[in-house]
Structure formats: structure tokens, C-alpha cells
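To start, the structure itself, in C-alpha cells.
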Amino acid sequence: MTSARRRTRGRLPVVLVLPAVVGLAFLLVPLVGLLVRAPWDTLPEQLFSSSVGEALRLSLVCASLATVVCLVLGVPLAWLLARGDVPGRGVLRALVTVPLVLPPVVGGVALLFVLGRRGLVGQYLDAWFGISLPFTTAGVVLAEAFVAMPFLVISVEGALRAADPRYEEAAATLGASRWLAFRRVTLPSILPGVVAGTVLCWARALGEFGATITFAGNFPGETTTMPLAVYLALETDPDAAIVLSVVLLLVSVGVLAALRDRWISGPS
Amino acid sequence: MTSARRRTRGRLPVVLVLPAVVGLAFLLVPLVGLLVRAPWDTLPEQLFSSSVGEALRLSLVCASLATVVCLVLGVPLAWLLARGDVPGRGVLRALVTVPLVLPPVVGGVALLFVLGRRGLVGQYLDAWFGISLPFTTAGVVLAEAFVAMPFLVISVEGALRAADPRYEEAAATLGASRWLAFRRVTLPSILPGVVAGTVLCWARALGEFGATITFAGNFPGETTTMPLAVYLALETDPDAAIVLSVVLLLVSVGVLAALRDRWISGPS
Amino acid sequence: GADSSGAEVGGAVDGRVTVFAAASLTETFTRLGEDFEAAHPGVEVVFNFGGSSALAQQINQGAPADVFASAAPANMTQVGDAGGISGAAVTFARNRLEIAVPKGNPAGITGLADFGDADAKIALCAEQVPCGAAAKRAFEAAGVTARPDTLEQDVKAVLTKVRLGEVDAALVYRTDVRSTGEVEGIEFPEADRTVNDYPIAPLAKARNAAGARAFIDHVRSDRGRAVLAEAGFDTP
Amino acid sequence: MTLHADLRVGRAGFVLAAEVTVEPGEVVALLGPNGAGKTTALRALAGLLPLSGGHIRVGGQTWDAPPEVFRPAERRPIGVVFQDYLLFAHLSALENVAFGLRARGTGRAAAREEAARWLDRVGLAAHAKAKPRTLSGGQAQRVALARALATSPELLLLDEPLAALDAATRLHVRAELGHHLRDYPGHTLLVTHDPLDAMVLADRLVVLEHGRVVQEGTPTEVARRPRTSYVADLVGLNLYRGTAHGTAVSLDAGGTLTIATPASGPVHVVFPPTAVSLHPEHPTGSPRNAWRVTVAGIERHAHTTRVRLDGVPPVLADITTATVADLRLQPGDELWAAVKATEVHAYPS
Amino acid sequence: MTLHADLRVGRAGFVLAAEVTVEPGEVVALLGPNGAGKTTALRALAGLLPLSGGHIRVGGQTWDAPPEVFRPAERRPIGVVFQDYLLFAHLSALENVAFGLRARGTGRAAAREEAARWLDRVGLAAHAKAKPRTLSGGQAQRVALARALATSPELLLLDEPLAALDAATRLHVRAELGHHLRDYPGHTLLVTHDPLDAMVLADRLVVLEHGRVVQEGTPTEVARRPRTSYVADLVGLNLYRGTAHGTAVSLDAGGTLTIATPASGPVHVVFPPTAVSLHPEHPTGSPRNAWRVTVAGIERHAHTTRVRLDGVPPVLADITTATVADLRLQPGDELWAAVKATEVHAYPS
Ligand SMILES: Nc1ncnc2c1ncn2[C@@H]1O[C@H](COP(=O)(O)OP(=O)(O)OP(=O)(O)O)[C@@H](O)[C@H]1O
Ligand SMILES: Nc1ncnc2c1ncn2[C@@H]1O[C@H](COP(=O)(O)OP(=O)(O)OP(=O)(O)O)[C@@H](O)[C@H]1O
Ligand SMILES: [Mg+2]
Ligand SMILES: [Mg+2]
């Protein structure tokens with residue numbers, strides 16, 4: 001026992017462990033606060049109420065779909081920023097992070113400006129195809145994707161920069177187009193980075209509130225995700241809101257712990 | 001010209017460029033929408049109004065202070081997660097990402113539960129030291145740090161995992177404690193990763209709204225940051241809200257473009 | 001006294017008065033605060049505008065407030081139940097719903113009956129928030145089954161959707177219609193059933209009890225009522 | 001279908017300006033000191049680095065001719081073995097070899113079948129499913145070679161393919177590579193530091209120094225008439241092909257040599273000019289190899305003198321200047337050359 | 001203050017079980033093929049890998065003795081030169097050297113001063129401010145050595161310190177390293193592949209194979225009586241110290257050798273046993289070096305025979321078995337040994 005656990009390196013330094021523990025406490029104690037104050041007796045009732053179940057299901061579905069959208073659009077975008085020989089990459093990269101800074105409600109308004117019924121693009125979608133995105137589940141997915149995509153793009157771009165481009169060159173000398181090289185050589189080699197980005201992206205989409213309610217509105221079963229349900233519950237029954245948050249939180253920690261353990265702690 | 005720009009690798013693959021461009025458009029067109037619809041004529045007036053100046057200053061100060069808090073606590077935490085030999089790392093790491101998922105308003109409520117005047121910890125802070133954090137500028141910093149820290153932790157942890165631990169071993173053979181090795185060897189070598197995480201963290205803190213207004217309230221000059229000002233403007237003058245958002249956005253893009261260009265596009 | 005003007009008690013008040021007020025009062029209370037400060041040199045009024053429920057939550061968690069002005073009696077009750085208010089809350093303003101339509105009224109909305117039209121895009125407040133509860137009462141009175149496309153979390157979100165033409169009609173407060181020139185208001189007979197009371201009260205833990213009382217008096221003074229009325233409130 | 005390349009590439013502080021011609025079926029070795037521009041030349045040929053001047057033409061086709069033409073790597077019929085192999089870590093050996101076939105449009109099943117044949121050919125049929133990480137250096141090298149050859153490229157480019165191998169594996173792999181190259185009908189360019197690799201594997205040597213070609217010719221020509229002392233040091237080897245029967249090797253060009261370690265079948269035999277001693281009479285004692293030679297030429301280098309000797313076989317000897325004086329060496333003199341059997345190394349060819 | 005180590009480390013599919021003793025001032029070379037466990041042993045001594053059994057004791061102190069005692073690397077008075085140096089890229093050469101001093105508590109100014117002295121001692125005073133990236137391989141190696149020595153460690157561990165150098169720099173750096181090690185009072189363990197490094201630098205050799213010590217002794221002992229044919233191949237070198245005057249080297253142990261490339265001052269001279277030819281009479285012709293020797297012993301290896309010869313100097317010769325028969329070699333026979341001057345290499349020592 002002792003021998004198996006003997007440390008190669010000396011004691012953990014207090015000067016690092018202390019702030020680390022404080023930091024951990026800072027992040028976790030508020031959650032403990034929530035858990036302590038949550039009216040647990042109402043949990044089963046809440047959990048099995050159909051509206052909560054519906055909101056939870058909708059949240060998971062929309063966050064997952066938004067993540068898929070982010071993957072489909074964001075991974076190529078990350079590739080373009082990391083490898084494509086485009087001018088003004090620095091500014092582009094900074095612009096990509098903008099949805100991070102924009103208050104989500106304003107992000108929702110911006111989406112309405114563009115994709116709303118009278119929006120720059122939306123008016124034609126409506127007039128030509130009869131497609132209207134606001135107030136639909138598709139709108140929720142779009143709003144979540146808009147807010148969450150920067151995380152994916154920045155993570156994947158980082159992984160791409162760290163990947164050795166010589167493998168892509170090797171693939172090229174074997175006759176592989178850039179697309180094939182990307183798909184069969186680069187992507188598998190940066191998979192852990194993509195998974196990490198996906199996790200951040202999914203978590204952000206799951207928690208998204210402001211842009212969603214602004215762009216997609218709030219209609220039970222169609223656009224009411226958990227954060228919206230939490231917000232409305234806060235208006236009338238703060239305790240219920242806390243229980244809902246805790247439910248959302250447990251589900252996401254479960255998913256993240258499973259995923260991250262599997263994918264990310266592998267190499268270390 | 002042609003010769004200087006000839007591409008080593010064939011055409012950019014449509015199958016990557018197309019979604020990348022769509023993704024870029026998806027992120028940028030809403031911003032264009034904002035810029036187009038913003039009532040530019042009121043911009044100078046807004047920009048030089050004292051309350052906006054104050055909010056902008058407060059935002060920058062608080063986001064920067066929150067980032068400092070995140071660095072001081074988050075870098076050691078990332079180190080503990082990446083290098084420390086602690087049990088249950090996978091779950092800890094998932095828990096660290098929780099503030100991402102939690103609706104920010106609920107995050108603010110959780111902070112009130114813990115640090116409020118009647119909170120788990122706050123009641124003692126108040127009774128013993130007379131310190132009250134909610135509704136102060138310090139509270140804004142705390143709320144922003146709570147929400148933004150996961151970004152820093154996850155980025156820095158990734159950089160630490162990618163760093164070659166043999167340099168730490170070399171430092172140990174020279175008599176350096178783990179702390180000295182971390183400070184003088186590891187930290188300088190992962191600086192770009194830390195800077196990237198800092199940028200994400202700062203951007204998130206700058207845009208933070210829900211936890212801030214809940215935990216710190218909305219007192220002009222004290223806790224009213226730009227996103228809160230945007231919220232209030234939405235109540236009274238929606239056009240002004242857009243102008244304010246655009247201001248926030250331009251300031252942050254300016255800062256990010258400068259930083260990221262300097263620090264991150266260096267090696268590529 | 002309810003009718004005393006701010007100037008009469010000016011000598012007794014000083015220091016800082018912290019007012020927690022519903023976001024929908026942002027414009028009027030900001031103006032009233034300026035008046036109050038002008039009338040009481042040396043007094044500083046500090047506002048914390050936010051959602052009424054969030055404010056109630058903050059007050060119950062020990063926030064340093066002297067006055068609470070809520071957009072709904074329910075939130076005032078939450079504070080009162082926790083023993084947070086000193087004395088009784090009084091209603092200082094009332095608001096009522098109006099139909100809001102985008103400029104030009106493209107869908108030709110005329111009354112509540114059009115809210116049952118499946119083709120029209122309709123936005124309402126969620127029932128959990130006061131404007132939603134009021135809307136529900138209106139539809140019950142009119143015997144209309146509304147077919148909303150969205151149930152917004154606050155009235156400003158509803159208003160945004162009307163302004164941008166995302167919806168053809170919505171029910172919002174009259175004050176909201178007044179606040180922007182970009183929507184048109186249509187009054188409807190059942191609006192009497194939708195009146196919403198704005199209660200105000202000094203708080204038990206107030207650090208500046210005198211200032212709190214003086215500010216409430218100022219709000220309820222003639223000058224205060226004029227400002228509120230100008231914004232579209234009914235003043236009792 | 002000759003490959004003509006006039007490679008001009010400018011880099012910070014370095015200019016490559018080298019002409020290289022490779023005939024079909026020919027193996028050309030590109031030799032040169034560190035930083036001479038060998039890898040740069042190879043990358044330009046592969047299409048991984050565009051020329052800034054000159055051209056690359058293969059048969060009637062132009063691959064690169066700035067500023068107009070540039071054919072990217074994936075559209076050149078090439079095979080490259082990189083110095084560190086660059087095998088795809090997440091694919092098995094078989095999938096690595098099949099990659100190029102798939103990329104060039106072969107169906108999945110056909111590609112796997114063909115890849116399996118190639119793995120078999122390089123003796124790795126048993127490792128088809130192994131991931132590159134679990135292969136030894138020598139095995140990885142063979143997978144890389146199979147991967148490069150599987151697409152039947154017109155131009156095969158090898159960048160120090162043996163550098164990462166330790167001495168024992170190197171011997172085997174060199175012989176195997178020799179086999180494959182002999183059967184391979186395309187153009188081959190082999191970059192190497194090691195004169196032995198170059199002389200065993202190549203039909204022609206091109207020596208680069210500072211980005212310029214300083215000498216080219218067959219290994220024998222270059223070894224016999226080195227133009228710079230770098231080249232003299234580099235390629236100063238006596239190298240013959242022959243057939244071994246135990247410790248005796250009958251050379252293809254005539255003559256017999258005795259080796260210490262028995263071998264059989266076709267071999268390369270090699271010994272350095274420094275191992276050759278010259279005697280006025282038939283030497284007595286341990287040297288197993290002694291034969292009559294005639295001085296054909298004498299060249300002075302820094303501190304030694306290289307003597308070209310005709311005989312069966314002809315041979316190069318490096319001796320000290322003092323010895324030259326001592327023996328009063330003159331072209332046309334008749335002498336005995338002696339080499340110890342333990343100094344003669346035979347490599348399967 | 002002797003270092004006694006009984007190193008037992010178990011790894012997946014590999015077990016190290018080796019005893020090593022190093023006296024103060026002694027340089028022990030750890031030799032062995034790839035994967036023999038050399039680096040593993042060095043890491044265990046450095047405290048970067050805990051033992052699973054055995055112990056490490058230096059003088060009265062125990063550094064590792066599972067399961068109780070384990071002293072981490074930073075509390076062992078060691079200096080390590082890693083194979084790839086691991087210089088800190090963001091620190092200048094001077095700061096790299098000062099790092100260990102600072103870590104062990106020396107003040108900033110004093111540490112920099114001492115570091116500057118060390119840089120001067122390894123001839124790099126002019127490069128004190130250079131970042132490691134801008135140093136050549138040889139310079140980087142010297143900075144790494146200075147960094148390891150600056151803290152006056154009791155135990156100096158060197159993992160293939162010359163492996164990354166090209167042939168020309170290697171020569172210089174080996175000589176310099178030799179100087180430093182001769183003056184260094186602590187224990188030194190040198191891991192290397194290269195027999196020449198080992199024989200030039202070490203007082204004693206320890207040969208590891210498959211995690212076990214297969215032979216140990218002074219270089220001469222090991223070279224003269226190799227126990228396995230790996231050892232025979234590895235250390236089969238004739239190595240002498242002497243003083244060069246132009247092309248003549250007077251050996252410290254007696255005798256004189258002629259070399260091709262003039263040198264001056266103290267040198268190591270080395271030539272392989274295969275370069276030695278044996279003659280019944282004084283040989284005529286090119287070999288510059290010929291002297292009388294007596295057969296002291298004959299050992300057969302795979303295909304060659306190693307003959308130990310007494311004389312001035314004594315010498316090893318590898319000859320073919322046929323030659324043994326031919327010359328009817330017997331211990332006690334008197335012969336002439338001959339070596340061409342071009343085969344004798346002299347290295348500054
Ligand atoms: N990416 C690069 N950018 C700028 N200069 C480079 C680059 N790669 C190589 N060089 C320079 O070009 C010159 C030739 O390099 P190259 O790699 O072709 O040499 P080499 O002959 O292959 O050497 P080696 O035997 O060490 O592999 C060197 O001076 C080198 O510093
Ligand atoms: N981190 C590790 N985990 C498991 N096994 C290892 C590890 N490192 C080395 N080994 C194994 O331990 C054995 C000895 O390795 P070691 O690095 O000590 O050899 P070495 O003698 O230094 O070889 P080389 O000359 O190649 O450096 C090898 O079989 C190797 O595969
Ligand atoms: Mg090269
Ligand atoms: Mg090793």
C-alpha cells in the first residue's frame with residue numbers, strides 16, 4: 001500500500017493547493033448552498049410532473065441538436081481559422097468570440113433582426129419558403145447554437161493548432177484531398193479536443209436562457225426549455241425553481257462526468 | 001503576386017469551406033444585423049453620457065478583477081486537476097463545469113444562499129467581520145468570477161496536460177520544489193494556453209448579466225455593468241440598448257483582437 | 001400623511017435612500033428620484049431596478065434596501081410574509097393592459113377576439129408573471145380562447161416582439177405602449193379586469209427609515225402622481 | 001518519362017538552386033551535409049513546397065513552373081517515405097497501406113486486399129492489424145515503404161529512410177529496400193547522410209552543398225574522383241557486388257575477397273580505403289586478401305593520400321603522405337594490396 | 001560516501017534488477033543495448049521513479065528503500081544531464097545554469113555570478129544571454145552540463161549526453177566532458193551506447209542486458225575478457241592515452257604510434273582490433289605502425305578470433321579463424337603487429 005502510493009514528487013505545495021482548494025470551494029459551495037436549500041420533499045412531485053419532464057426532454061434534445069449544428073458548422077470554421085490561408089484571421093477569430101460577450105438577450109434581438117419575420121434574411125425565408133423560425137423548436141436550437149458555438153470553435157481551433165500538420169502532408173502525398181485528409185487523418189487525431197469542445201458547447205447550450213427566450217419565445221412543449229421553466233418558476237415559486245435547477249445540474253454533471261472521464265482523462 | 005500566393009495544398013475543399021462560411025455567417029450576420037439596425041445617430045450622445053461611461057468603466061474593471069480572481073484561484077485548480085494525484089478527478093472536473101450549465105440567475109441565487117447576509121457563510125462574514133458582499137462592486141466581481149472561472153480552469157488544464165512533464169522533472173533534479181518548478185518552469189511554458197483561457201474568461205465576465213443582477217443588484221456606479229445597463233435600456237429605450245451592446249462588443253473585439261493576435265496566432 | 005409634499009419634511013431627511021423598484025418603473029422613478037434629491041439637498045437616492053421577484057428574493061436574503069416598489073402585490077406579499085416590511089404596503093399606481101400591434105397594424109387587429117385567430121401571431125406574458133395573469137382575466141371576461149405563440153417571461157420581451165413585427169398582436173401594459181413610439185395601442189373594454197396594482201412599502205431593515213417614508217410620500221405626492229400619470233399609470 | 005527538375009527555392013538565409021534528372025527505373029541518391037537543402041528539394045518535388053523558380057517536369061507533364069503551374073501534392077503520382085514515417089497512429093498497418101489506394105479511388109475491399117499483398121511483400125502479413133505504436137522501428141519503416149509503394153507512384157521519394165534504425169535492423173532493412181527499389185519501375189530519389197546507403201542503393205549520386213549540386217555521377221565515378229574533400233570523406237568506400245559462398249565472395253567484376261563472417265548468395269562487400277595496405281611484395285601474415293594492383297592515380301587530401309589502383313578488383317587506398325614517399329609511389333607502379341578479412345563487410349543485396 | 005544501489009523496478013513486461021556501486025570521484029559507464037533498462041536505472045537513482053524493491057544508499061543516507069523511505073528528486077544532491085538536455089526554453093543560458101542554485105537557496109546575484117563562472121568554464125561566457133533555441137547542439141550540451149554541475153551535486157547522472165551531437169561536435173564535446181569529469185569529486189554514472197564514449201570517459205563499465213548486469217570492470221578488463229558477444233562487439237577497441245607531436249604519439253604506457261592526421265598535446269588514440277594485422281616477420285609496405293608482440297591469449301567469438309597480444313603497447317587483434325590456423329597461433333608465439341596510420345584515430349583528451 002505505502003509502496004504503491006509513494007509519491008515520486010514531494011508534498012503538494014501549499015501555495016498551489018491552498019488557492020486550488022479555495023477555488024474549488026468557490027465553485028462548489030454555492031452548489032452545496034442550492035442543494036441544502038432545495039425543498040427536497042417536492043422533488044419527486046416536480047420531477048414527475050409532466051411539464052418538467054417535457055422541459056427536461058426539450059432541453060436535452062435542443063442542446064444536443066444545437067451541439068450537432070455547432071459541430072457541423074463549427075469544426076469546419078475552426079479548421080478554416082487554424083489552417084485556411086484566409087486574410088485577417090486575427091480579427092475573424094476575435095469576432096467569433098463575440099457571442100460570448102454579447103448579453104444573451106441582445107444576442108436574441110440580433111437573431112430576430114436577421115432571422116425574424118421582418119429580419120434581413122427572415123423576410124425572404126418567410127415570403128419564399130413560408131419558413132418562420134421564431135417561436136419554434138428550431139428557433140431554440142438556433143439560439144442555443146449561436147451562443148454555444150464560440151466554445152466549440154475556440155477549443156477545436158486550439159486542438160488543430162497543436163496537431164502536427166505533417167500528417168496532413170503525408171496524406172496529401174498519398175493522393176488525399178484536403179477534405180479526405182481532414183476527415184480521415186486530422187479529425188481522428190484531434191478527437192479529444194473536439195470532444196472537450198463539444199462538452200463545453202453542450203453545457204452552454206443546455207444552460208442557455210436569454211437568447212432562447214428572446215428569439216424563440218416560450219411555449220410549453222415547443223420552446224420551454226429547463227432554464228426558461230426555472231426562470232418562470234422563480235417568479236412564483238422560488239423553491240421550485242431551485243429544485244428544477246438542481247435537476248438540470250445533476251443531469252448535466254452525470255453526462256459530463258461520464259463523457260469527460262471516458263474521453264479526456266484517457267491520455268494523462 | 002501569383003507566385004507568392006500559390007497554394008501548397010490544392011483548392012480549399014468545398015465540403016469544409018461551405019459549412020465554415022455558413023458557420024461564420026451564422027455568427028457574424030446577427031452582429032451585422034445589430035450594426036445595421038443600431039441608431040447610429042444616438043451613438044455619440046450615448047457614448048459620452050456619464051452613466052454609460054461609468055457602466056463601461058465598471059464593466060472593464062470588474063471583468064478584469066474577476067479575471068484576476070479566476071487566475072489566482074483557477075490556475076492552481078487547473079494544476080490540481082491536471083497534475084495533483086487527487087481521487088475522483090473525473091467527477092471534480094465535471095463539477096467544475098457546472099456553473100456553465102446553471103442558469104446564471106440561479107447561480108446568483110446560489111451565491112446569495114452562501115454569501116448573502118443570511119447565507120451559509122455570509123452570516124458569519126457579516127456577524128464577525130461586518131463584511132457584506134452582495135450589492136457591492138466586490139459582489140459583481142465575485143458573481144462574474146463564479147460564472148467565468150470554468151472557462152479558465154478548463155483551458156489551463158488542457159494546456160497543462162499538453163505540457164511536457166519532463167521539464168518539471170528536470171527542475172526537480174535541480175532541487176526545485178513543485179511550487180518553484182510550477183512557477184518558474186511550467187507556467188512560462190503554458191503561457192499561451194493561460195492567455196487563451198484568460199481571454200475566454202474575461203469575455204464571459206464582461207458579458208455576465210444574470211448572476212450579477214441577482215447577487216449584486218443593479219446600483220448605478222456600483223454594480224451596474226454594461227449588460228445591466230443594456231437590460232435597463234431595454235426597459236426604457238430599446239434602441240439605446242442596441243447601441244450600448246454594440247459599444248460593449250466593439251470594445252471587447254478590440255481587446256480580443258489585439259490580445260489574441262499577439263499571443264495566440266504567434267506560433268502558427 | 002398621504003398628501004404631504006416632499007418639501008414639508010425636507011429638514012428631517014438626509015443620507016442615502018435605497019429604493020428597490022420594479023424594472024417597469026425605471027423611467028418614472030429615475031425622474032422622481034431626481035426631483036426628490038433636488039427637494040432634499042444632501043439626500044442621495046439609489047435605485048436597484050430589477051424583476052420584482054428577484055428584488056423580493058434579494059430583500060429576503062438581506063439586501064440593504066429602504067423602500068420596495070413592486071410591480072405585483074404577490075412579490076410584496078413574499079417580503080411581507082418574511083417580516084420584511086414595516087407597516088402596510090400601499091398601492092401607489094395601477095396599470096392596465098392594452099393591445100399592442102406593430103405600426104400600421106398589418107394584421108388588422110381590432111379587439112381581443114382576434115387573439116383566437118390561429119393565423120395571427122400572438123405574444124402574451126406567461127401566467128406566472130402579473131401581466132400574464134391579467135391577460136388571462138381579460139380573456140375570461142371576453143370569452144375568448146387565446147391562441148398565443150409564445151408566453152414571455154416579462155412584458156418587455158413581449159413588447160420587443162411587437163416592435164420588431166415578430167407578432168401581430170400582444171397584450172402589454174399601457175405604460176409600455178406609451179414608452180415607445182414604435183407600436184400602436186388599442187384599448188379594449190375588458191381592460192378594467194386587468195388592472196394591476198403597484199404596491200410600495202418601507203422595509204423593516206431600512207437603514208434610513210425617515211428617508212424611506214419621505215420618498216414614499218414623494219411618490220404619492222401630486223408631483224409624483226403627475227409623473228406616473230404621464231407615463232400611462234392610473235394613480236389612486 | 002524522364003524527370004527533369006530545376007529546383008529553385010529561396011528561404012530566409014538559404015537558397016536552393018539544384019538541377020536533378022532521374023530516368024525511369026533509376027535510383028538517385030541525394031547526399032549532402034546538414035542543411036544542404038536535401039529535404040527542401042524533396043519537399044519541392046513532392047509538392048509540399050512550391051518552387052520560387054525553375055520547373056519540375058515529368059515526361060510531357062509540368063508539375064511546377066512558377067508563376068503559372070502548380071500541381072498540389074495530392075495530384076502528383078508520388079510516394080513519399082518520410083524520415084519519421086508519419087504513419088497514421090489511429091489506423092492499423094493495413095489501413096495505413098490501404099489509405100493511398102482508397103484516396104486514389106480504389107474500392108474498400110480491393111484496397112484492403114492490395115494492401116494485404118503489399119504487407120505480405122514486405123514481410124509484415126502477421127502485423128496487418130497492429131497499430132503503428134506497437135511496431136518496432138524497422139517494421140514501421142517497412143509499413144511506410146509499403147504505403148508509399150502501394151499506389152504504384154511514378155516518383156518515389158525517400159527522406160533518410162534508414163536514419164531512425166539501430167545498426168542491426170538497419171542491415172536488414174537496407175537489403176530489403178534494395179530489393180524493392182531494384183524491381184520498382186518508377187523514378188526514385190533517396191535522401192541520405194549515409195554513404196553506404198547511397199552506394200548500395202543508388203545508381204547515381206547527386207551531392208548537394210549549400211543548396212547547390214557540387215558533384216554527380218555513378219557511385220564509382222564519384223568515389224574515384226571526388227571533387228571536394230567532403231565528397232572524398234563521404235563516399236570513400238570500396239564497394240563491390242558479388243556472390244558469397246561461406247567466407248569467399250566472387251566479385252561480379254572479377255576477383256575474389258575473403259570475409260570473416262560467412263554469408264551466402266548475392267552480397268555487397270565493402271571496406272574503407274583506410275583498410276587497404278600497400279606492400280611492395282606479397283605480404284605475409286594475417287591479411288587474407290592480397291592481390292596485385294597497379295597505381296592508376298594519386299590524389300592528395302588534407303592529411304592522407306588517396307591512391308587509385310587498377311587490378312582485379314580495382315581498389316582505392318588511403319595512406320599517409322609519409323608512406324607515399326616511403327614507397328616512392330608513381331602512377332604505373334606495381335604493388336600488392338592487402339585487406340584483412342575482418343575489415344571486409346558483406347551485406348546481403 | 002560510496003553509492004550503493006540495488007535497483008529493482010518492475011514494469012509491464014520488463015524487470016530491472018541491477019546492483020551498482022560508485023565510489024566518490026569514480027566515473028561508471030552504464031552500457032547496454034536498446035531497452036536494457038539504462039534510462040530506468042538512471043531515473044530510479046535520480047528519484048524520478050520509485051524503486052519497487054532494493055535500496056539506494058549514499059554514505060550513511062538512504063535515498064530509497066521501499067516501502068518506508070523515499071526521498072524525492074528535489075531533495076537529492078544530484079545533477080542530471082538528460083539525453084535531450086531539457087533546457088528551459090524561456091530562460092537564457094545563464095538563467096538555466098543559475099536555476100539549480102536559486103532553487104537550492106542561493107541569492108539572486110550570487111547565483112548569477114556562480115552561473116557565469118560555470119558558463120565561462122565550459123567556454124560559453126559569450127552565450128550567457130542566448131536562449132537555448134539559438135544554441136547549437138554542442139553548446140546546448142555544455143549548458144546542460146554546467147547546469148547539472150553548478151550545484152556541486154554528489155551524484156552526477158548523464159543519459160547519453162553525446163548522442164544528439166553530430167560527429168564533428170561530438171569529438172570536441174567528448175574531450176571537454178572528459179576534462180570536467182576528471183576534476184569532479186562526486187559520483188558519476190554515465191549512460192551510453194557508444195563504446196568509445198564509455199572507454200574514454202569511464203573508470204569502470206557496467207554492462208546491462210535485459211535489466212541485469214552481465215559484466216562489469218575497468219574498460220581494459222571488459223575489453224580484454226568480454227563475457228558475451230554483445231560485449232565483445234561493443235567494447236572491442238584498442239585505446240591508449242598518450243601525447244601527440246604531429247603524427248607521432250608517444251603512449252603513456254610505452255610505445256609510439258603513428259597517426260595520419262597531425263595533432264598535438266594529450267590525446268586518446270584508438271583503433272579497432274579488426275585493423276590490426278599480424279605478420280610472422282616485420283611487414284614491408286604501407287602500415288606505418290609495426291611492433292613486436294607476444295600472443296597472450298586467444299578467444300574465439302562467433303566468426304572471428306580475438307587475440308590478446310603483449311608488447312609495447314599491448315594490443316587486441318581480431319582475425320579470422322583461417323588466419324589462426326594459417327599462422328598456427330599459440331600463446332607465447334612471437335609476431336609482428338601492424339596497423340595503418342590511417343586506421344588510428346586520435347582524440348584530444
Ligand atoms: N521551414 C523553414 N523555414 C525557413 N528555413 C528553413 C525551413 N526549413 C529548413 N530551412 C533552412 O533551409 C536550409 C536547408 O534545410 P533542409 O532541411 O533542406 O536541409 P537538409 O539538407 O535536409 O539537412 P538535414 O540533413 O539536416 O536534414 C537550412 O539552412 C534550414 O535552416
Ligand atoms: N514509462 C514506461 N512504462 C512501461 N514500460 C516502460 C516505460 N519506459 C520504459 N519502459 C520499458 O522498460 C524497458 C527499459 O527501458 P529503458 O528506457 O530503461 O531502456 P534503455 O536501456 O534506456 O534503452 P535505450 O537505449 O533505448 O534508451 C523497455 O522494455 C521499455 O519498453
Ligand atoms: Mg533533411
Ligand atoms: Mg534510454
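So that the names make sense, note that chain A is the first sequence line, chain B the second, and so on, each numbered from 1. Not measured: the values here are computed from a predicted model.
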Can you give me the closest heavy-atom contact between [X] and [Y], atom names plus distance?
{"X": "B:Gly23", "Y": "A:Leu73", "result": "CA-CB, 3.8 Å"}
{"X": "A:Ala143", "Y": "A:Leu111", "result": "CA-CD1, 3.7 Å"}
{"X": "A:Phe146", "Y": "A:Gly107", "result": "CE2-CA, 4.1 Å"}
{"X": "B:Leu206", "Y": "B:Ser252", "result": "CD2-CB, 3.6 Å"}
{"X": "B:Ala66", "Y": "B:Ala145", "result": "CB-N, 3.8 Å"}
{"X": "B:Ala176", "Y": "B:Ala181", "result": "CB-N, 4.1 Å"}

Answer with side chain, backbone, both or neither: which region of [X] has an atom nearer than 4.5 Å to a non-hydrogen atom of chain A?
{"X": "B:Val29", "result": "both"}
{"X": "B:Leu95", "result": "both"}
{"X": "B:Pro99", "result": "side chain"}
{"X": "B:Leu24", "result": "both"}
{"X": "B:Val253", "result": "both"}
{"X": "B:Ile242", "result": "side chain"}

Which one, [options], leads in non-hydrogen pairs under 4.5 Å with chain A?
{"options": "B:Leu180, B:Leu112, B:Leu102, B:Leu120", "answer": "B:Leu102"}
{"options": "B:Leu31, B:Val109, B:Val21", "answer": "B:Leu31"}
{"options": "B:Phe151, B:Tyr231, B:Trp202", "answer": "B:Phe151"}

Notebook entry, point to check: Does B:Ser245 reach the main-chain N or O of A:Val106 with its side chain, forming a donor-acceptor pair under 3.5 Å?
Noted result: no
Interface residue of largest heavy-atom contact number with chain B, from [options], under 4.5 Å:
{"options": "A:Val153, A:Val36, A:Leu142", "result": "A:Leu142"}
{"options": "A:Leu34, A:Val230, A:Leu115", "result": "A:Leu34"}
{"options": "A:Val96, A:Val246, A:Leu244", "result": "A:Val96"}
{"options": "A:Gly207, A:Pro30, A:Gly210", "result": "A:Pro30"}

Check: Knowing that exactly one of A:Glu169, A:Glu157, A:Glu168 qualifies, which makes a salt bridge (Lys or Arg N to Asp or Glu O under 4.0 Å) with A:Arg83?
Finding: A:Glu168
Notebook entry, point to check: Less than 4.5 Å apart, any side-chain heavy atom of A:Leu92 and any of B:Leu28?
Noted result: yes
